[in-house]
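Worksheet: one structure, shown below.
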Amino acid sequence: MPTPRVVVLGGGLSGMAAAYTLARAGWDRVTIVERGPELGGLAGSFETAGHFYPLAYHHILHRDQGLLFFLERIGALADVRWRKISMLFQLDGRMFDLAHPVDFLRFPMSLVDKLRFVRLMLRCFGKSDWSEWNERSAADLVDTWGGPGVRRAIFDPLTRLKFNLPCDEVSGAWLGARLHFREGSAPLGYIPGTNWTKVLCDGVTRLLDDAAVQVRLATSALSLVTEDDRVTRVDLDSGESLEADLVVSTVPTEVYQQLLARPRPDLDHVRYTAVVSAIFATKQRVTPTFYWMNLASRDCTACGIFMLNALNPTIGAPGDTCLNIMTHVPSRHDAFFHQSDDEILAGYRADFRRVFDFELEPFWTQVNRLGMYAPVFRQGYENPPLRDAVFRNVYCAGNYRTFPSIASTGTGLASGVEAGAAMLADHGGTTDLPAEIQRYRLASMPRG
Ligand SMILES: Cc1cc2nc3c(=O)[nH]c(=O)nc-3n(C[C@H](O)[C@H](O)[C@H](O)COP(=O)(O)OP(=O)(O)OC[C@H]3O[C@@H](n4cnc5c(N)ncnc54)[C@H](O)[C@@H]3O)c2cc1C
């Protein structure tokens, strides 16, 4: 009997992983439809003078099981190197490395609050299941385990940078899960000599080629044709149509709703933030050396500065300093998102001057606008279901479904695998991929 015709909407990591899961189980009529010229979505890259760069900063998290599993599967995990990075907090013209005892002591927060902050972080590092905090706010979490002083000094500025919201409107489960990943305190991974997201996307693309998944690049899904409670056809902007027995939707829920051309109040709560990101290459030396600087002063256009070569010294050409200056924008409808490249670059260079007291002189720049990055994880956020609530042959994957975990490459990959596995289970197939990811443990973390 022929296997079902599956159309996967979106060729980011979630869509790639869903297609791989199905094809690996022997389903041979799987097609990915991807709007962009290559697979990869938010984890894509761009090339300048023979070197590849991420669209914005990207690092490997040591607790991101889905990512580590796929890196091993494509044969790239052995190349990953780990580096302890320095994360700075820039506040009112001063910089603080909160992991450094001297900076920690001079940070404007009382000694009691500093001890409470340490207690909060240790508790979060050790806790992996955050479901009991799903209904509670980040303010509740920080105030209970740290204190209001810790919230006001550190976490209110951080949630404002991330979502433009104070802690009391952000999910406590999301903040706890995010701290559990230890992004600022554990070593972060990269692959020397290259941009690791390119290695990942190329490797998973090879897995798809080997498994004979059909891929339509530079092709947008325009609309979904429905009959009763099923999606039966996907109309493409090329004028073609793909008949579908089953569909995996990995496009943002706002896009999915547009494709259906009908209201879906059950998905209205998922609202996406956007990102404006600029990469600057310069021959200038920037000190102090840091990887990640949170710009907590309210006078900056940007939310953060990443010195990409402080994590991966081999990114770009030898001797280059490669900076990513970026802003989390509340929505792609925000005026800032639509500023010209020149205006954005001018704003970021002014931020740089304010922080480092000299003029940034890049020899190339690239501005990337990412319209739908991740949902705003407000207090009480609920993941839309894996099996679509209205159309029973549609399965859903993507980072709008991975709350409260962080929105990462690995959670995207794992979400795609989960959707593929559910589809197989409902139609007589099986896969061991979810269990393999669940069991996966990193054996070693060689230092860079
Ligand atoms: C600024 C930034 C920093 C990040 N940092 C890290 C990090 O340090 N570490 C980490 O692990 N992760 C990081 N991530 C997260 C990671 O990149 C994403 O979570 C992951 O790539 C999401 O994959 P996805 O497939 O779910 O979504 P997407 O990549 O958004 O995929 C959806 C795909 O659907 C396509 N699409 C949309 N509409 C249509 C249509 N109508 N027809 C066809 N195709 C369509 C899009 O082109 C896209 O390719 C970062 C992301 C950003 C933006």
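Each ligand, and each atom within it, is numbered from 1 in the order the structure gives. Keep in mind it's a predicted model, so treat the numbers as computed, not measured.
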Q.
Quick check on contacts: which atoms of ligand 1 are under 4.0 angstrom from a heavy atom of Gly398?
A. 26 (O)
(Q) Distance under 4.0 Å to a non-hydrogen atom of Gly10: what atoms of ligand 1 satisfy this? (A) 33 (C), 34 (O), 35 (C), 44 (N)
Q.
Salt bridge check, Arg206 against Asp209: does any charged N sit closer than 4.0 Å to a carboxylate O?
A. no
Q: Assess whether atom CD of Glu47 is packed by more than 12 heavy atoms of other residues, nucleotides or ligands within 6.0 Å.
A: yes
Q) Between Thr321 and Gln284, does any side-chain donor sit less than 3.5 Å from a side-chain acceptor? A) no
Q | CD/Glu243: more than 12 non-hydrogen atoms of other groups inside 6.0 Å | A | yes
Q: Could you list the atoms of ligand 1 found under 4.0 angstrom from a heavy atom of Gly41?
A: 29 (O), 48 (C), 49 (O)
Q) With a 4.0 Å cut-off, would you call Asp342 and Arg349 a salt bridge? A) no
Q) Among all protein non-hydrogen atoms, which one is nearest to atom 22 (C) of ligand 1, and what is the separation to 0.1 Å? A) Asn399 ND2, 3.6 Å
Q) For atom 25 (O) of ligand 1, what's the nearest protein heavy atom and its distance? A) Ser14 N, 2.9 Å
(Q) Suppose we screen for side chain to side chain donor-acceptor pair (under 3.5 Å). Which residues come up paired with Ser277, at least two apart in sequence or across chains? (A) Asn324
Q) Any idea which protein heavy atom is nearest atom 10 (C) of ligand 1, and the distance to it? A) Thr409 N, 3.4 Å
(Q) With a 3.5 Å distance limit and no angle check, can you tell me whether Arg264 reaches the backbone of Glu254 through a side-chain donor-acceptor pair? (A) no
Q.
Treating Glu72 as the side-chain partner and Leu77 as the backbone partner, does any N or O pair qualify as donor plus acceptor under 3.5 Å?
A. no
Q: Looking only at non-hydrogen atoms, find the nearest pair between Val30 and Ala19 and report the distance.
A: CG1-CB, 3.8 Å
Q | Ligand-side contact atoms (ligand 1) for residue partner Val251, heavy atom cut-off under 4.0 Å | A | 34 (O), 36 (N), 37 (C), 38 (N), 39 (C), 45 (C)
Q.
Below a 4.0 angstrom heavy-atom separation, can you tell me which part of Thr219, side chain or backbone, both or neither, approaches ligand 1?
A. backbone
Q) Where does Ala56 meet ligand 1, judged by heavy-atom distances below 4.0 Å: at the side chain, the backbone, both, or neither? A) side chain
Q | Top protein contact for atom 53 (C) of ligand 1, by heavy-atom distance | A | Tyr373 CD1, 3.1 Å
Q) Of all the atoms in ligand 1, which lie at a distance below 4.0 Å from a heavy atom belonging to Thr250? A) 32 (C)
(Q) With the threshold set at under 4.0 angstrom, would you say Leu9 reaches ligand 1 through any of its heavy atoms? (A) no
Q) Is it true that Arg233 and Asp235 have a side-chain N and a carboxylate O under 4.0 angstrom from each other? A) yes
(Q) Give me the nearest non-hydrogen protein atom to atom 44 (N) of ligand 1 as residue plus atom name, then the distance to 0.1 Å. (A) Arg35 N, 3.1 Å
Q: Answer with side chain, backbone, both or neither: which part of Val255 has a heavy atom less than 4.0 angstrom from an atom of ligand 1?
A: side chain
Q: Identify the protein heavy atom lying closest to atom 23 (O) of ligand 1, giving its residue, its atom name and the separation to 0.1 Å.
A: Leu13 N, 3.9 Å
Q. How far is atom 31 (O) of ligand 1 from its nearest protein heavy atom, and which residue and atom name does that atom have?
A. Gly12 CA, 3.5 Å
(Q) Give the atom numbers and elements of ligand 1 that come within less than 4.0 Å of a heavy atom of Leu370. (A) 53 (C)
Q.
Could you check whether any heavy atom of Leu55 sits closer than 4.0 Å to an atom of ligand 1, since that is the contact criterion I want to use?
A. no
Q: Would you check whether Ala407 reaches within less than 4.0 Å of ligand 1, judged by its heavy atoms?
A: yes
Q: Could you tell me whether Arg24 and Asp210 have a side-chain N and a carboxylate O separated by less than 4.0 Å?
A: no
Q: Considering only NZ, NE, NH1 and NH2 on the basic side and carboxylate oxygens on the acidic side, decide whether Lys162 and Glu183 come within less than 4.0 Å.
A: no
Q | For Ala221, atoms of ligand 1 separated by under 4.0 Å from a heavy atom | A | 40 (C), 41 (N), 42 (N), 43 (C)
Q) Nearest non-hydrogen atom to atom 14 (N) of ligand 1 belongs to which of His58, Glu34, Met326? A) His58
Q) Is any N or O atom of Glu183, backbone or side chain, closer than 3.5 Å to an N or O atom of ligand 1? A) no
(Q) Let's go through Phe163 and His328 carefully: what are the C-alpha distance in whole Å and the side-chain angles of both, what is the deciding distance for ring pair (Phe, Tyr, Trp, His ring centres under 6.0 Å) to 0.1 Å, and is it a yes or a no? (A) CA-CA 7 Å; Phe163 295 128; His328 290 282; 7.6 Å; no
Q. Considering all protein heavy atoms, does one lie under 4.0 Å from atom 27 (O) of ligand 1?
A. no
**Q.** Shortest non-hydrogen contact from Leu295 toward Leu161
**A.** O-CD2, 3.2 Å
(Q) Could you identify the single nearest non-hydrogen protein atom to atom 5 (N) of ligand 1 and state the distance to 0.1 Å? (A) Tyr57 O, 3.3 Å
